[in-house]
Amino acid sequence: MLQIQQMLKISDAIRDIIQKDSILHWGLYNRLLNLSKLADFIKPLVQTRTKKDIKTSAILMNLSRLQREIDKTPAANLDYRIDSLSFHSNLCIHTFVNTPEIHKQVNEFYTEVKKEAQNLSISEGKKEITVICNEKFKDKLLTIIKEKPKKSFFDISSIVIEFSEEYAEVPGLLHFILQQTTLQNINVVEVSSTYTELIIYINEKDQKLALDTLLENLKTG
């Protein structure tokens, strides 16, 4: 016997869409969005969820009501708490085409400097391999790796954000951190992460602004 699925109410569908999208929720909370444009944008999503044709005016009315409700509650990102925030300067980033020979040479470099290099990071993709290290190891790196880097960056700082394990299951924290740097027009050159750490790499000239911004918007301790 087929079970008839109950259609979702328009208001519930809109609320679900907004609450599960941190960008839209943040935009509504800070009143940065044109609600008419937003209504047009999410209309196909709402119609898919409710399984019926809906007038844009009905979506707009529900968005206005939802925005008033959100105004009365704290924004979710205000509750983000991190364990610590630190930084390291004088770094450089070198990206190479990922070939078996380059891979071998990167491993050789890692073996030689790993005891000295506190800020050594290697990330590997399908086509590229990137090495991040202190600038004092630059000459050694470019001596061991014979090929010219595809791209190099110098005068780089890393900002290390450590957070609780609980945030591994909570959406939005990583987006919020990157969003704050983007709003300050800070270019994030590279990103790396582990279970409870996010590391963003930026130009040293933006280090103070990035630190001040994150410390202003994230609770620590």
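Start at 1 with the first residue, then count along the sequence.
- The shortest heavy-atom contact between Lys114 and Thr111 is CG-O, 3.9 Å.
- Nearest heavy atoms, Leu91 versus His88: CD1-O, 4.0 Å.
- Side-chain atoms of Glu162 and Ile82, non-hydrogen and from C-beta on, never get closer than 4.5 Å to each other.
- Side chains of Leu63 and Leu38 form a contact here, defined as non-hydrogen atoms less than 4.5 Å apart.
- For the pair Asn203 (side chain) and Lys205 (backbone), a donor-acceptor distance under 3.5 Å is present.
- Within 6.0 Å of atom CG in Asn34, more than 12 heavy atoms from other residues, nucleotides or ligands are found, so the atom counts as buried in its surroundings.
- Between atom CD of residue Gln67 and atom CZ of residue Arg31 there is a gap of 4.0 Å, rounded to the nearest 0.5 Å.
- A distance-only check finds no donor-acceptor pair linking the side chain of Asp206 to the backbone of Ile202 [under 3.5 Å].
- The two atoms that bring Gln19 and His25 nearest to each other are CA-CD2, 4.4 Å, heavy atoms only.
- Considering only heavy atoms from C-beta on, Phe109 stays 4.5 Å or farther from Ile122 through its side chain.
- Below 30°, between 30° and 60°, or above 60°: for Phe163 and Tyr167 the angle between ring planes is above 60°, a perpendicular geometry.
- A heavy-atom distance below 4.5 Å is found between the side chains of Tyr201 and Ile199.
- Minimum interatomic distance between Asn98 and Gly125 (heavy atoms only, all atoms of both residues): ND2-O, 3.1 Å.
- Residues Val97 and Glu147 are not in side-chain contact: their nearest non-hydrogen atoms beyond the backbone lie 4.5 Å or more apart.
- The two residues Pro44 and Asp40 make their nearest non-hydrogen contact at CD-O, 3.6 Å.
- Proximity of a side-chain donor or acceptor of Asn134 to a complementary backbone N or O of Phe137 within less than 3.5 Å is not detected.
- Atom-to-atom distance recorded for Thr56:OG1 and Lys43:NZ is 3.5 Å, nearest 0.5 angstrom.
- Here CD1 of Ile159 is found 4.5 Å from CD1 of Ile200. Values are rounded to the nearest 0.5 Å.
- Aromatic pair Phe154/His94: ring centres closer than 6.0 Å.
- Between Ser192 and Ser123, the closest side-chain pair of non-hydrogen atoms is not below 4.5 Å.
- Between Leu33 and Leu24, the shortest heavy-atom distance links the atoms CD1-O, 3.8 Å.
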Step by step, work out the side chain to side chain contact (heavy atoms under 4.5 Å, CB included) result for Phe87 and Val160. CA-CA 6 Å; Phe87 68 92; Val160 183; over 6 Å; no

Stepwise side chain to side chain contact (heavy atoms under 4.5 Å, CB included) check, Lys52 with Ile10: CA-CA 10 Å; Lys52 58 184 177 182; Ile10 296 176; 4.3 Å; yes

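- The same ILVMFWY cluster, assembled from side-chain heavy atoms under 4.5 Å apart, contains both Val191 and Leu218.
- Residues Leu215 and Thr213 are not in side-chain contact: their nearest non-hydrogen atoms beyond the backbone lie 4.5 Å or more apart.
- Expressed to the nearest 0.5 Å, how far NZ of Lys150 lies from OG1 of Thr95 amounts to 8.0 Å.
- Between the side chains of Gln180 and Gln184, not a single donor N or O lies within less than 3.5 Å of an accepting N or O.
- Rounding to the nearest 0.5 Å gives a distance of 9.5 Å between CD1 of Ile42 and CZ of Arg49.
- In the displayed structure, Glu216 atom CD is contacted under 6.0 Å by at most 12 heavy atoms of other residues, nucleotides or ligands.
- In this structure, the side chains of Lys146 and Gln105 come closer than 4.5 Å at one or more pairs of heavy atoms.
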Gln179 and Trp26: side chain to side chain contact (heavy atoms under 4.5 Å, CB included), yes or no, with the steps? CA-CA 10 Å; Gln179 180 189 68; Trp26 184 84; 3.5 Å; yes

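- For the atom pair CD1 of Ile17 and CG of Asp12, the computed distance is 11.0 Å after rounding to the nearest 0.5 Å.
- Remark: Lys151 is positioned above the aromatic ring of Phe153, its terminal NZ or CZ atom under 6.0 angstrom from the ring centre and at most 45 degrees off the axis.
- Cluster annotation: Leu32 is connected to Leu183 through the hydrophobic network of ILVMFWY side chains, with a link wherever side-chain heavy atoms come within less than 4.5 Å.
- In this structure, the side chain of Glu204 engages the main chain of Asn90 through a donor-acceptor pair within 3.5 Å.
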Would Val131 and Ile93 count as a side chain to side chain contact (heavy atoms under 4.5 Å, CB included) if you check the C-alpha gap in whole Å, the side-chain angles of each, and the deciding distance to 0.1 Å? CA-CA 6 Å; Val131 180; Ile93 302 174; over 6 Å; no

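- Linking Ile, Leu, Val, Met, Phe, Trp and Tyr residues whenever their side-chain heavy atoms come within less than 4.5 Å leaves Met61 and Ile14 in two separate clusters.
- Residues Leu178 and Val189 do not share a hydrophobic cluster, clusters being chains of Ile/Leu/Val/Met/Phe/Trp/Tyr side chains in contact below 4.5 Å.
- Hydrophobic clustering of Ile, Leu, Val, Met, Phe, Trp and Tyr side chains at less than 4.5 Å, counting indirect connections, keeps Ile132 apart from Ile144.
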